[in-house]
Structures are given as C-alpha cells and as structure tokens.
Amino acid sequence: MLTKGPRGTNDFLPNEIEKWQFVEEIIRDLCTQYGYREIRTPIFEHTELFLRGVGDTTDIVEKEMYTFEDRGERSLTLRPEGTAPTVRAFLQHKLYADAQPIKLYYIGPMFRYDRPQAGRYRQFHQFGIELFGTNHPSSDAEVISVAMEFYQRLGLKGLEVKLNSVGCPQCRQDHKAQLQEYLQVKMSELCSNCQGRFDRNPMRILDCKSENCSELVADAPTTTRCLCSQCSSHFEDVKKYLDLLEISYTVDEKLVRGLDYYTNTAFEIVYQGIGAQSSIGGGGRYNGLVEQMGGNPVPAIGFGLGLERLLLSLEHQNIEIPTKVTCEAYIVTLGEKAEATGVKILNDMRKQGIRGDKDYTGKSFKGQLKLADKKGAKYAIIIGDNELEKGKVTIKNMGTGDQDNIKIDNLISFLIQAREEE
Ligand code: HAM
C-alpha cells in the first residue's frame, strides 16, 4: 500500500519527464504564436461549479467526480475538466472587461473516477484553450486549427477530426423531442444506462458504445437535422473556414460529446492506434455557459487534449522526442586540492549556464569516470593535483575518448564554444 500509488494514477520518472517538458514547450510556443495566454486555476473548486457548469446529467457529475468535504464542511471537487474553472475565473476577475476576444490556455492535471485502462486514468493531464467573446465561425476554425497544428508539430499522423453541430438551446429542445418520439417504441431494448438517459439527456443515447444501442439509433433523428437556419448557416460557415485552412474533417451527426454546455460546434479528434480510448482531444462551442454561471452572455469555444493519450499515440507511431544532453561537463578529481578546485570550477561553470555535475560520495577515479559516462556527460573535466600547479586541467571528450590539456581560465569559454558548434 505504502509503496504503490493510488489506482489510475501515474508517476512520471525523470526519463519520461523530458517528453512532457518537450510537449509543454511546444504548447507554450504554439499558444504564444496564436495569441493565447496561460491561466492557472486551482486543482479543486466548489462542487457546485461542476454541477452547474458541466451539467448534472453528465457521466462526469453522476459518477466520476472526486468530491470531498473539507474541515470547514464545504463540498469541494477535484477538477474533472478545465472549462468550468476557466469560466469561473473569467467572471471572478472580470476578464470580460478587457478587449475581446480573450484567449486563454492551460496545462494541468484533471481528475475523474472511472475504471482505469490503457489511456484512461483517474488523474490525467490536459492541454486546453478557451476563446471568449466571439461567435464568428472563423474562431471555431482557429480553435480546431490550434489543435491540429499542435499534433502536426509533434509529427503525429493519421488523426481524424469528427465534427458536428449540436445547435442552440432551441435546436436542442426540438432534437430532444424528436429523439424521444423516435426512441419511445424502442425503449425496452435500450441498455439500462440509456433507459436512464431517456428522460433527462436522450442525446447521449446517440453515442452509446453498446452495439445494440448503436443499431437502435442508426436511423434516429440527428442534431444536424434539427438545426434552425441560423445554427445551420453557422455550421456551414465553420466547414468553409476549415476547408480554407485545409483541415480535413468528417461530419459525424451522432457526435454529441459528454458535457452539457455545448452549443453549435462540437468536435473530437480521434486516433485509432491506441485502443478503445481513441479520443485524444475534444471540444466545442459553449455560448450559454458564461451566462448560466451568472455573467452576461459571452460566446465561447475551446478544446481539451489528453496528454497521456498524446504520448501513447507518439509511442505508437515510433516518434522519438529529442532529449537534451543533461550534463555538459562532469568534474572528475584526483587528490584533495583537486577536490576543492573541482567544487569551485563547477560553481563557476554553473554560474555561466553550463550544465555540470560531480560526485560527492568519494568514488575512485575510475568510478567517477564511469558515473560521468552514465550521466551522459559530453566532457569529463579531470583535475589532478600535479596539473593544478600549472593552472591546467584535462578535458576528455566522452564521445570520442580524445583528451587534451586546457588552462582553467579557458575552460568555460571552451565549453560555451563547444555548445555553440553543436
Ligand atoms: P473531454 O472530452 O471530457 O472534454 O476531455 C478532453 C480530452 O481529455 C479527451 O479527449 C481525452 O483525450 C482526455 N481525457 C478525458 N478523460 C480522460 C481520462 N480519464 N484519462 C485520460 N485522458 C482523458 C473536456 O474536458 C472539455 N473541457 C474540453 C473543452 C474545452 N471543451 C471546450 N473547451
């Protein structure tokens, strides 16, 4: 128990972390380029936020939240997603008072109590963006293009964008009524989950994973067929902008997504190579959420991309993430005086931005060199008492084995030059 983390959680050890850092660097560059600025919200929020924001008929709220009472008897919940917290912060800090649109991004852990399996965890990480203040269809296309550009920069191929429009509240109401009428006679054949969804959220029956339910809804009225003229023309325009940006997509009229706040555009990005949990990202428009949470109406759209699923996909396509040289120069000392000089040289090197290290456990000369090799050091700086008298050290290229004497005064400039020539 004490040596095993909770089910559905992962430790990311140093070898793995470099991949995460690389992905995060790409995210930051990309978002800065597209004009999105980072926001960090707390990992827990008032439970009420998700009940109201995500919707109390969703799987997330019904069975997946980590909810607890704190010592002050407040009900708090580990965030299962990033949109509701971002909207809360948008309202709390009056971000709507700034020039619109407001473009935000986040990277961080989310928590959902679900049955863990490959690609599905109880703590997982999302990269998300949220764009507030416009309903223009070109902004829908921009959001989808940020996601696709992200995957492209990582070299990921074979992705499919599934696109739909779930319409405005009026379209949804019409759709709900039509769907209930259609399903009424098939009610007894639906799975027990879907029977429960019939009254409150029949749209979710459309994307039930059970084969039997999928067959039963094969000809059911879809959201797209119930769109009013305004929503229909918005959807057509989004498609035109996606075409303009050369982003391919498949219209999936049964795509409804598992969160209640969506209006109009809904999309999912799917990669089939990683098993059952193939949705590597998803998002959509949520034009009613800001108002629903107490603000004036502000249209908005965003996405959340699963980072564990992304890394699984990269692995599946054998895409190597470049790792940095972690150690440029490893100090190896022979003798007591050399040891003190080594500590000083290492300190000077680090102050000049060189990634350096040394042994502190009293290893033999051979042992120190072995460790330098294990750390992947580019150079070993060998310091012996004799050479020190002449103000020199030996520098050994760990890749080629070549070694040379060098004046201590010239050491740092040599290492800096070696880095620039790389
Ligand atoms: P979501 O579809 O619930 O949307 O989650 C987005 C992505 O998070 C999924 O496509 C998947 O890659 C990843 N994900 C979800 N659950 C898990 C899990 N248990 N384990 C691993 N990865 C998971 C949202 O969360 C919305 N907030 C997205 C959004 C932002 N819509 C508008 N703005």
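Index from 1, following the sequence. Remember, it's 1-based here, ligands and their atoms both numbered in the order they're listed.
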List every atom of ligand 1 that sits less than 4.0 Å from any heavy atom of [X], numbering the atoms from 1 in the order shown and giving each element.
| X | result |
| --- | --- |
| Arg120 | 19 (N), 20 (N) |
| Ser279 | 9 (C), 10 (O), 11 (C), 12 (O) |
| Gly283 | 31 (N) |
| Tyr261 | 26 (C), 27 (N), 31 (N) |
| Phe303 | 28 (C), 29 (C), 30 (C), 32 (C), 33 (N) |
| Gly281 | 10 (O), 12 (O) |

Does any N or O atom in Ile280 lie less than 3.5 angstrom from one in ligand 1, N or O only?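 N/O-N/O distance below 3.5 Å exists for this pair.
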Examine Lys358 relative to Tyr360 and say whether NZ or CZ is less than 6.0 Å from the centre of the six-membered ring and inside a 45° cone about the ring axis.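 So Lys358 does make the cation-pi contact.
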On the six-membered ring of Tyr241, is Lys239 placed so that its NZ or CZ lies under 6.0 angstrom from the centre and within 45° of the ring axis?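 Not flagged: Lys239 not positioned over aromatic ring of Tyr241.
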Closest by any non-hydrogen atom to atom 27 (N) of ligand 1: pick that one out of Glu81, Arg79, Arg309, Gln277.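 Answer by nearest heavy atom: Glu81.
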Which one of Gln126, Arg285, Glu268, Gln123 has a non-hydrogen atom at the shortest distance from atom 24 (C) of ligand 1?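 Going through Gln126, Arg285, Glu268, Gln123 one by one, Gln126 has the nearest heavy atom to atom 24 (C) of ligand 1.
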Where on [X] is there a heavy atom closer than 4.0 Å to ligand 1, on the side chain, on the backbone, on both, or on neither?
| X | result |
| --- | --- |
| Leu259 | side chain |
| Arg122 | neither |
| Tyr262 | side chain |
| Phe127 | neither |

Using non-hydrogen atoms of the residue, decide whether [X] is closer than 4.0 angstrom to ligand 1.
| X | result |
| --- | --- |
| Gly258 | no |
| Glu308 | no |
| Gly128 | no |

For [atom], what's the nearest protein heavy atom and its distance?
| atom | result |
| --- | --- |
| atom 7 (C) of ligand 1 | Gly304 O, 3.5 Å |
| atom 21 (C) of ligand 1 | Gly119 O, 3.2 Å |
| atom 13 (C) of ligand 1 | Gly306 CA, 3.7 Å |
| atom 30 (C) of ligand 1 | Thr83 OG1, 3.0 Å |
| atom 33 (N) of ligand 1 | Glu130 OE1, 2.8 Å |
| atom 4 (O) of ligand 1 | Arg257 NH2, 3.0 Å |
| atom 14 (N) of ligand 1 | Phe124 CE1, 3.4 Å |
| atom 20 (N) of ligand 1 | Tyr121 N, 3.0 Å |

Does the separation of the ring centres of [X] and [Y] fall below 6.0 angstrom?
| X | Y | value |
| --- | --- | --- |
| His125 | Tyr106 | no |
| Tyr261 | Tyr286 | yes |
| Phe127 | Phe303 | yes |

Can you tell whether the side chains of [X] and [Y] come within less than 4.0 Å, N to carboxylate O?
| X | Y | answer |
| --- | --- | --- |
| Lys254 | Asp207 | no |
| Arg153 | Glu149 | yes |
| Arg350 | Glu328 | no |
| Asp237 | Lys240 | yes |

Phe414: which residues meet the ring pair (Phe, Tyr, Trp, His ring centres under 6.0 Å) condition with it, sequence neighbours left out?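 Residues passing ring pair (Phe, Tyr, Trp, His ring centres under 6.0 Å) with Phe414: Tyr379.
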Please name all residues satisfying ring pair (Phe, Tyr, Trp, His ring centres under 6.0 Å) with His93, sequence neighbours left out, ordered by chain then number.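 So His93 forms no ring pair (Phe, Tyr, Trp, His ring centres under 6.0 Å) with any residue.
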Smallest separation among heavy atoms of Leu255 and Phe267, with atom names: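 Reported closest heavy-atom pair: CD2-CA, 3.7 Å.
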Output, in order, the C-alpha distance, side-chain angles, deciding distance and verdict of side chain to side chain donor-acceptor pair (under 3.5 Å) for Gln277 and Tyr121. CA-CA 10 Å; Gln277 302 307 314; Tyr121 311 100; over 6 Å; no
Is a side-chain donor or acceptor of Glu160 paired with a backbone partner of Tyr249 at a separation under 3.5 angstrom?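 No, because the side chain of Glu160 does not come within donor-acceptor range (under 3.5 Å) of the backbone of Tyr249.
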